[in-house]
Amino acid sequence: MAEILVLAEHDGETVKKVTTELLTLARVHGEPSVVWTGDGAEGGRDRLAEFGAAKVYVADSPDYADYVVAPKAELLAHLVTVKAPAAVLIAATSEGREIAGRLAVKTGSGVLTDVIGLAADDAGGLVGEQSIFGGAITVQSRVRTGTPIIAVRPNAVTPVPAAGPAEIEPVQVEIPASAKTARLTGKVVAERGERPELTEASIVVSGGRGLGSGEHFALIEQLADSLGAAVGASRAATDAGWYPHQFQVGQTGKTVSPQLYMAIGISGAIQHRAGMQTSKTIMVVNKDPEAPIFELADFGVVGDLFKVVPQLIEEIGKRAEG
Amino acid sequence: MNIVVLVKQVPDTWSERRLRADDSTLDRDAADAVINELDDYAIEEGLRLQEAHGGEVTIVSMGPQKAADAIRKALSMGADKAVHVTDEALRGSDGLVTSAVLASVLGRTGFDLVILGSESTDARMGTLAAMLAERLGVPQMSFASKVETDGSKITIHRQADYGYDTVEGALPAVVSVVEKINEPRYPSFKGIMAAKKKPVETLSLADLGMDASQAGLAASATQVVSFANRPPRAAGTIVTDEGDGGAKAAEFLASRKFI
């Protein structure tokens, strides 16, 4: 079976969920080999084996964490040359898309970003499905030059376990000075408690203009915490300074595709819909029955969010106890 | 400081955006054309850096003839001059081709800083800054929510899911910005009038030493096989809160096994 490279997203010990999604997708079309940068591969190996990794190429060097994007593209380009894989799968995070972009230039290959599905065409080539223009159009695209580089949207695929050997194979690649020009000198982690990452979360609870103030986002956080969800915000809310900008869902923010998306006090302008329209289930609470967000709702409550949400939190609490 | 700001004309997010039935490229006649939203922030950042360090701000845009409107808007905000790359053969270019053409233009203009929006509202790839940095062999300073430079060194806050990273490099560099970085100015009446007289150089592929086989749909490494309008979502259940809205919402969540 053709080898498919999967770039692992990890925090030094734990494999991120999106990597298990990529492995699940890769298994359909070939034999997945994980590419692991930095240390911690031994710790992550069990999880990679659980999702069917055949090999794990480990490039253990601090360069990958010390410089922005370019070293990872350098490593993947090397592996594309020596292993001649059928495709390279990368998570379509901000960084992942950039790695994909640089790799495309290095290898002269086509790149598809934000892919939500992958199929084989009659000739055995890969066809990527993308959802564009705020979810209004679904596009099938293929790469016709070089090695297909596919950046896959987190949460688009349901991870399914299937055992694999996950044999570790160390890889040594000299990272040239040209890939070490943007140096990471510090990391500032914003407070967000123990909540999951917005793009990875199975449930996202977002608040908008209807909240009326930054203080009221405590209600959104409380609802999110009762469900183990991530918190998001509409542009109106981040522009008003009610919630930090990195949590914005929409055209100029994050695109999320969770199992459940709850839009609280959000009217549903196209700007917002562009970032959440492919969510599997959508729940809406809004006092305006004419709000366009109701068109997307699987379940909607027309009412005052300050009455509906506290009652919902209380009911969730009761069920958790019961 | 020689600052180049990249600008893209895109279909307005608020109008209905479509693909052409014949070749699956963007139907530019279907929707109103506007300047890409994040580009306003890139222009603003370029102007602010110019105010601090002197030099010139040059707008570079690749697009059809009517992209001249987006260029005029950028000039009316205060940029000094512009380069418009326009050629029928560029239509349908993918990211890889676009980055090659723009890298070629930047080779002509020269630059200390190239500034662009972190993604466009139509293609939403978010890869152009990375592709350009790779092609030009300069530091990639992308997803910047803050930029500081002394004219030789540059430091940015690179926005991340968890907060931000600080990233350092040396000029020349490519910078992409997120909307948190600043508050873009509106063009003044004086600026709008002045923009009409500012120089705009128009370049064809031939002017860049490239030919039609290196651009557009024909040269693109990716190809749209088919597309379809997404079917509308099935109508959901909408209830009006009569004191039990929260409880009903909880019932729904339970029925879908979320709680």
Side-chain angles (χ1 to χ4, degrees), chain A residues 68-70 94 97-98 100-102 104-106 109-113 127 133 135-146 178 181-190 197-198 245-246 251-252 260 270-271 281 283 294 296-303 307-309 311-312 315-316 319, chain B residues 13-14 17 19 37-38 94-96 99 121 124-127 130-131 134-135 137-143 158-170 179-180 221-230 233 236-241 245-250 252-254 256 258-259:
Chain A
V68 173
V69 175
S94 299
R97 291 186 291 166
E98 294 194 324
R102 292 190 83 120
V105 170
K106 280 188 171 302
S109 300
V111 55
L112 302 177
T113 55
V127 176
F133 296 162
I137 298 177
T138 306
V139 174
Q140 312 288 335
S141 299
R142 70 184 182 96
V143 169
R144 56 180 183 185
T145 309
S178 61
T181 57
R183 196 161 63 90
L184 284 151
T185 54
K187 177 173 177 170
V188 177
V189 179
E197 269 182 35
L198 190 51
H245 178 262
Q246 66 262 31
Q251 185 94 64
T252 50
L260 171 64
I270 180 75
Q271 144 74 236
T281 302
M283 180 184 272
F294 279 112
L296 301 181
D298 295 289
F299 189 85
V301 181
V302 178
K307 294 199 175 102
V308 176
V309 174
Q311 187 180 65
L312 174 57
E315 287 289 330
I316 292 168
R319 285 167 197 262
Chain B
T13 303
W14 298 92
R17 294 172 294 180
L19 296 179
E37 195 170 346
L38 282 168
D94 68 357
L96 210 54
S99 66
T121 53
R124 298 203 71 193
M125 289 183 73
T127 56
M131 285 179 169
E134 178 70 36
R135 288 191 187 277
V138 301
Q140 177 190 322
M141 297 282 155
S142 50
F143 291 96
R158 174 176 165 84
Q159 183 164 279
D161 290 338
Y162 46 77
Y164 64 87
D165 293 319
T166 51
V167 182
E168 271 180 26
E179 61 174 310
K180 190 187 177 186
T222 51
Q223 181 188 32
V224 173
V225 182
S226 65
F227 69 89
N229 291 325
R230 183 187 168 85
R233 291 181 81 99
T237 307
I238 311 292
V239 300
T240 300
D241 180 33
K248 281 185 173 160
F252 171 77
L253 293 180
R256 296 287 180 102
F258 288 115
I259 55 175

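On a predicted model such as this, the values are computed, not experimentally measured, just so you know. By convention in this document, chain letters (A, B, ...) are assigned in the order of the sequence lines, proteins followed by strands, and residues within each chain are numbered from 1.
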Heavy-atom proximity to chain A below 4.5 Å, by part of [X]:
| X | result |
| --- | --- |
| B:Asp94 | neither |
| B:Met141 | side chain |
| B:Phe252 | side chain |
| B:Glu168 | both |
| B:Glu37 | side chain |

Can you tell me how far the [atom1] atom of [X] sits from the [atom2] atom of [Y], to the nearest 0.5 Å?
| X | Y | atom1 | atom2 | answer |
| --- | --- | --- | --- | --- |
| A:Arg97 | B:Met131 | CZ | CE | 11.5 Å |
| B:Thr222 | B:Leu96 | OG1 | CG | 8.0 Å |
| A:Leu260 | B:Phe258 | CG | CZ | 4.5 Å |
| A:Thr185 | A:Lys187 | OG1 | NZ | 13.0 Å |

Grab the two heavy atoms, one from B:Ala247 and one from A:Gln311, that are nearest each other, plus how far apart they are. N-OE1, 3.0 Å

Hey, which of [options] has the most heavy atom pairs under 4.5 Å with chain A?
| options | value |
| --- | --- |
| B:Ala254, B:Gly236, B:Ala160 | B:Gly236 |
| B:Gly163, B:Ser226, B:Ser142 | B:Ser226 |
| B:Arg256, B:Gln159, B:Arg135, B:Glu179 | B:Glu179 |

A:Ser109 side-chain N/O to A:Ala104 backbone N/O, donor-acceptor pair under 3.5 Å: no

Counting distance only, does the side-chain N/O of B:Arg233 pair as donor-acceptor with the main-chain N or O of A:Leu296 below 3.5 Å? yes

Do you know which of [options] has the most heavy-atom pairs under 4.5 Å to chain B?
| options | value |
| --- | --- |
| A:Ile316, A:Val143, A:Val188, A:Val68 | A:Val188 |
| A:Leu184, A:Thr281, A:Leu112, A:Thr138 | A:Thr138 |
| A:Gly101, A:Gly110, A:Gly186, A:Gly303 | A:Gly186 |
| A:Ile137, A:Val139, A:Val127, A:Val111 | A:Ile137 |

Would you mind checking which part of [X] comes under 4.5 Å of any heavy atom in chain B, side chain (CB onward), backbone (N, CA, C, O), both or neither?
| X | result |
| --- | --- |
| A:Val69 | side chain |
| A:Ala297 | both |
| A:Ser178 | neither |

Is there a donor in the side chain of B:Asp161 and an acceptor in the side chain of B:Tyr164, or the other way round, less than 3.5 Å apart? no

I'd like to know if the side chain of B:Thr127 pairs up with that of A:Glu98 as donor and acceptor (distance under 3.5 Å, no hydrogens or angles considered). no

What do the steps show when you test A:Gln271 against A:Thr252 for side-chain contact (heavy atoms from CB on, under 4.5 Å), and what is the final call? CA-CA 8 Å; A:Gln271 144 74 236; A:Thr252 50; 3.5 Å; yes

